[in-house]
Amino acid sequence: MSPKQSGAHRARLRAYYPGPVTIRLYDTSARQIRDFTPLRQGCVSIYLCGATVQAAPHIGHIRSGLNFDIMRRWFEYRGLDVTFVRNVTDIDDKIIAKSAEQGRPWWAIGYENERAFGDGYRALGCLPPTYEPRATGHITEMVEMMRGLIERGYAYEADGNVYFAVTSFPDYLQLSNQELDNLLQPSGEGETGKRDPRDFAMWKAAKPGEPSWETPWGRGRPGWHLECSAMAHKYLGTVFDIHGGGLDLIFPHHENEIAQAKAYGDEFARYWVHNAWVTMSGEKMSKSLGNSVLVSEMVKRWRPIVLRYYLGTPHYRSMIEYSEEALREAESAFARIEGFVQRVVEKAGGVVEPAAEVPPAFAEAMDDDLGVPQALAVVHTAVRQGNSALAADDKEEAVARLAEVRAMLGVLGLDPLDPHWADDGDREGDLHGVVDTLVRMVLDQREAARARKDWPTADAIRDQLNQSGLAIEDGPQGPRWSLGPR
């Protein structure tokens with residue numbers, strides 16, 4: 001859906017849906033699915049914890065961005081104007097450690113990997129955020145927040161560090177549902193002077209050779225948690241609708257964000273939404289485990305739209321166990337959808353525009369905590385109905401089903417006719433043209449064999465193409481090929 005079409009669509013939906021929003025979301029803080037009521041009618045504000053850029057992204061990193069991209073697209077479909085903030089953590093312990101390990105400037109490592117994350121988001125069809133702030137660009141806001149917290153008695157300075165006193169905030173640990181007496185707060189090297197070992201660092205005193213900024217408490221650098229509290233405050237104000245991120249961020253990161261922001265006087269996020277992980281052998285995909293699958297490598301082996309289908313179609317709160325077999329299944333499932341789209345376009349003799357509205361069953365599934373698996377079942381049902389219409393030579397019915405399918409795929413970011421997927425890779429468009437020319441030459445030989453009723457030769461050619469990974473379908477306008485299952 002183009003920006004112009006999307007704006008017109010939202011305007012229509014405001015006329016159709018003048019009452020409350022029908023979307024329901026699982027709120028981690030409430031531990032239940034809640035009706036979503038936006039802070040401001042017709043608008044929704046989302047803050048998503050984005051990349052920590054110490055290394056290039058694996059598919060587990062990109063899954064979070066993809067899940068919230070689908071959320072954003074659904075809100076926009078429902079007629080809401082979305083302000084979507086996804087930050088970049090470009091200074092932290094891991095980036096400094098990488099700098100020392102590689103003998104390169106911390107900012108060079110951060111910028112290189114920030115671009116890699118951007119490439120990964122774009123490759124998998126994620127819409128750009130409204131704002132994408134970097135932590136190092138908001139030191140002033142962090143200093144202001146620390147000053148306010150010290151003045152209110154929630155934080156203190158010690159040895160050039162600034163700590164948040166967790167016992168000063170009665171609601172601490174409500175998000176993660178832990179007991180303070182049992183808390184083990186992660187601490188970094190050099191965090192000296194704590195009054196309580198459970199207190200967490202908001203600011204870390206400068207160490208020789210490390211990046212630092214001047215503050216009223218001496219030179220130092222920000223703690224991870226402070227960065228997001230300050231940036232969310234700057235871009236979304238004292239209260240906003242949704243704060244998102246991976247399950248692993250609930251503690252300590254999101255718990256500490258809440259403490260800082262609310263102690264500062266912000267109401268902060270009204271809903272907390274967390275996506276599950278991509279796992280390998282039951283373990284969270286991470287570079288520390290050595291089991292990561294880099295996006296830059298995956299898009300060389302799999303079409304980006306297939307990767308989006310694989311990562312985006314399970315429910316966002318369900319774990320994805322990575323396997324080559326699961327990816328092949330996703331490839332085959334999407335090929336069935338894509339094949340239907342292409343056949344109807346050929347039958348119609350031109351592009352079929354998406355329907356104005358998605359089917360009610362699809363909308364009901366998406367409204368219910370972004371039930372993408374159930375919504376996808378509606379897509380596949382429409383594809384089967386459309387294929388039956390094609391088999392019956394019912395062009396009108398096939399076109400109607402394609403219009404519905406395109407509307408649904410557009411919400412999921414999976415419409416193969418969207419211009420974003422035109423090349424589907426760096427050189428895939430060029431390569432497709434080369435392959436198409438070669439395959440057409442072979443298909444011409446097969447057609448010649450069929451014309452002279454040499455069926456054994458025609459069948460042998462088809463079998464050879466199938467063994468090469470190409471699926472051949474005979475239609476009224478002649479044979480067509482596509483990539484078959486691996």
Side-chain angles (χ1 to χ4, degrees), residues 23-29 33-34 36 44-52 57-78 80 82-88 117-118 120-130 132 228 240-250 253-254 269 271-279 284-286 292-293 295 298 304-322 326-327 330 334 362 365-376 379 408-415 420:
I23 297 170
R24 305 176 73 232
L25 295 172
Y26 184 86
D27 180 3
T28 305
S29 60
I33 293 178
R34 295 174 54 202
F36 175 73
V44 58
S45 46
I46 304 171
Y47 185 93
L48 174 64
C49 284
T52 298
H58 57 61
I59 59 173
H61 291 130
I62 298 298
R63 182 193 181 183
S64 180
L66 237 173
N67 288 152
F68 285 90
D69 182 67
I70 292 171
M71 173 191 282
R72 174 194 185 168
R73 287 170 183 264
W74 184 243
F75 276 129
E76 289 183 345
Y77 174 84
R78 277 303 198 199
L80 292 146
V82 179
T83 300
F84 182 57
V85 180
R86 185 183 66 212
N87 78 295
V88 175
F117 268 87
Y121 289 132
R122 282 188 295 274
L124 269 64
C126 293
L127 301 172
T130 312
E132 193 168 24
C228 284
F240 55 95
D241 289 306
I242 297 169
H243 195 311
L247 283 174
D248 52 319
L249 300 182
I250 294 175
H253 185 49
H254 289 166
Y271 297 80
W272 286 86
V273 178
H274 292 92
N275 65 275
W277 305 327
V278 178
T279 61
K284 174 178 173 284
M285 186 174 286
S286 69
S292 60
V293 183
V295 176
M298 292 292 285
I305 197 168
V306 169
L307 281 176
R308 182 177 177 104
Y309 186 97
Y310 170 68
L311 294 172
T313 54
H315 194 274
Y316 74 91
R317 290 194 286 120
S318 299
M319 297 292 182
I320 299 175
E321 174 66 15
Y322 172 79
L327 260 165
F334 185 74
F362 181 94
M366 293 297 291
D367 278 346
D368 187 13
D369 195 31
L370 304 176
V372 174
Q374 294 77 16
L376 192 65
V379 174
M408 293 186 282
L409 293 178
V411 166
L412 302 176
L414 288 167
D415 182 358
H420 175 81

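Positions are given from 1, in the same order as the sequence printed here. What you see is a predicted model, and the numbers here were worked out from it, not measured in a lab.
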| What are the two closest heavy atoms between Ser45 and Phe240, and how far apart are they? | OG-CB, 3.3 Å
| Stepwise, does the side-chain contact (heavy atoms from CB on, under 4.5 Å) test hold for Leu327 with Leu307? | CA-CA 8 Å; Leu327 260 165; Leu307 281 176; 3.8 Å; yes
| message | Quick check: do Thr313 and Pro373 have side-chain heavy atoms less than 4.5 Å from each other? | response | no
| task | Taking the six-membered ring for Trp and the full ring for Phe, Tyr or His, determine whether the centres of Phe117 and His61 are under 6.0 Å apart. | result | yes
| request: Output yes when a side-chain donor or acceptor of Asp27 lies under 3.5 Å from a complementary backbone atom of Ser29, and no otherwise. | output: yes
| Given the rule in the side-chain contact (heavy atoms from CB on, under 4.5 Å) test, do Leu66 and Tyr316 qualify, once you have shown the distances and angles that lead to the verdict? | CA-CA 9 Å; Leu66 237 173; Tyr316 74 91; over 6 Å; no
| said: Any non-hydrogen side-chain atom of Pro129 less than 4.5 Å from a side-chain atom of Val85? | reply: no
| Looking at Gly60 and Met285, what are the two nearest heavy atoms and their distance? | N-SD, 3.9 Å
| request: Give a yes or no on whether the backbone of Phe84 and the side-chain of Thr130 come within a donor-acceptor separation of less than 3.5 Å. | output: yes
| task | Show your reasoning for whether side-chain contact (heavy atoms from CB on, under 4.5 Å) applies to Arg24 and Phe36. | result | CA-CA 5 Å; Arg24 305 176 73 232; Phe36 175 73; over 6 Å; no
| said: Taking the basic N atoms (NZ, or NE/NH1/NH2) and the acidic carboxylate oxygens, is any pair closer than 4.0 Å for Asp248 and Lys284? | reply: yes
| query | Going by heavy atoms in the side chains, are Asp241 and Ile46 under 4.5 Å from each other? | reply | no
| message | Within the structure provided, determine whether Ile70 and Val372 are in side-chain contact (heavy-atom separation under 4.5 Å). | response | yes
| task | Check whether any side-chain heavy atom of Leu247 lies under 4.5 Å from a side-chain heavy atom of Thr28, and answer yes or no. | result | no
| Heavy-atom closest contact (Ala375 atom, Ala365 atom, distance) | N-CB, 3.5 Å
| request: Name all residues meeting the salt bridge (charged side-chain N to carboxylate O under 4.0 Å, His left out) criterion together with Asp69; count only those two or more places apart in sequence or in a different chain, and write none if there are none. | output: Arg73, Arg308
| said: To the closest 0.5 Å, what do you measure between CG (Leu25) and CD1 (Ile33)? | reply: 8.5 Å
| request: Mind running side-chain contact (heavy atoms from CB on, under 4.5 Å) on Trp74 and Leu412 for me, showing each step along the way? | output: CA-CA 8 Å; Trp74 184 243; Leu412 302 176; over 6 Å; no
| query | Do side-chain atoms of His420 reach the backbone of Arg122 as a donor and acceptor pair under 3.5 angstrom? | reply | yes
| Sequence-distant partners of Arg86, salt bridge (charged side-chain N to carboxylate O under 4.0 Å, His left out), two or more places apart | Glu132
| remark: Exactly one of Val411, Val44, Leu127 clears side-chain contact (heavy atoms from CB on, under 4.5 Å) with Glu76, and that residue is Leu127
| field | Contact summary for Pro314 and Ile320, nearest pair of heavy atoms | value | CG-CD1, 3.7 Å
| said: Within this structure, what is the CG-CG distance for the pair Leu48 and Asn275, rounded to the nearest 0.5 Å? | reply: 8.0 Å
| query | When you measure from the side chain of Arg63 to the backbone N and O of His58, does any donor-acceptor pair fall under 3.5 Å? | reply | no
| note | In terms of heavy-atom contacts, Tyr121 and Ala51 come closest through OH-N, 4.4 Å
| said: Within the 4.5 Å heavy-atom criterion, are Ile250 and His274 side-chain neighbours or not? | reply: yes
| remark: Residues Gly245 and Phe68: closest non-hydrogen pair is N-CZ, 3.7 Å
| Geometric cation-pi criterion Arg34 and Tyr26, 6.0 Å radius, 45° cone | no
| Do Asn87 and Tyr47 have side-chain heavy atoms sitting under 4.5 Å apart? | yes
| query | Taking the side chain as C-beta and beyond, is there a heavy-atom pair between Met366 and Ile23 under 4.5 Å? | reply | no
| request: State which residues pass ring pair (Phe, Tyr, Trp, His ring centres under 6.0 Å) with Tyr322; sequence neighbours excluded, sorted by chain then number. | output: none
| Interatomic distance, Arg72 atom CZ to Thr83 atom OG1 [nearest 0.5 angstrom] | 9.0 Å
| said: Using modelled atom types and a 3.5 Å cut-off, is there a donor and acceptor pairing between side-chain atoms of His253 and backbone atoms of Cys49? | reply: no
